[in-house]
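Just the heavy atoms: all of them, side chains too, but no hydrogens, waters or symmetry mates, feed the values below. This is a predicted model, so every value here is computed, not measured.
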Amino acid sequence: MDAMVQVKDDQEAANEYFELYMSLRAALREGKIETTDVEEYLAYKERMLPKKAREIAQEMILKINDD
């Protein structure tokens with residue numbers, strides 16, 4: 001049996017991380033989740049990203065913080 005591994009491109013992985021970041025940020029504002037939980041989970045997810053995807057995601061986050 002051949003197993004197919006689905007590989008995401010850097011932009012897709014960055015977009016998914018950014019969506020996660022935004023949803024967790026909203027949950028924090030609404031008091032639905034603890035800050036330490038969010039920080040730990042985001043740090044874990046960020047470590048799982050390829051280097052280029054991490055850079056793209058960080059740029060996306062910086063852009064929303066600048067607005």
Sequence neighbours left out, cut at 3.5 Å: what donor-acceptor pairs do the side chains of residues 27-41 make with other protein atoms?
unit_1 : atom_1 : unit_2 : atom_2 : d
E30    : OE1    : K32    : NZ     : 3.0

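- Looking at residues two or more places apart in sequence or on another chain, you find a side-chain hydrogen bond (donor to acceptor under 3.5 Å, both in side chains) between N15 and Q11.
- Every residue two or more places apart in sequence or in another chain was checked for a salt bridge (charged side-chain N to carboxylate O under 4.0 Å, His left out) with E19, and none qualifies.
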For residues 44-58, which side-chain donor-acceptor pairs fall under 3.5 Å, sequence neighbours excluded?
unit_1 : atom_1 : unit_2 : atom_2 : d
E46    : OE1    : Y17    : OH     : 3.3
E46    : OE2    : Q58    : NE2    : 2.8
R54    : NE     : E46    : O      : 3.2
R54    : NH2    : L49    : O      : 2.9

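- Taking CZ of R25 as the start and CZ of F18 as the end, the distance is 8.0 Å to the nearest 0.5 Å.
- Rounded to the nearest 0.5 angstrom, I64 CD1 and M22 CE are separated by 4.0 Å.
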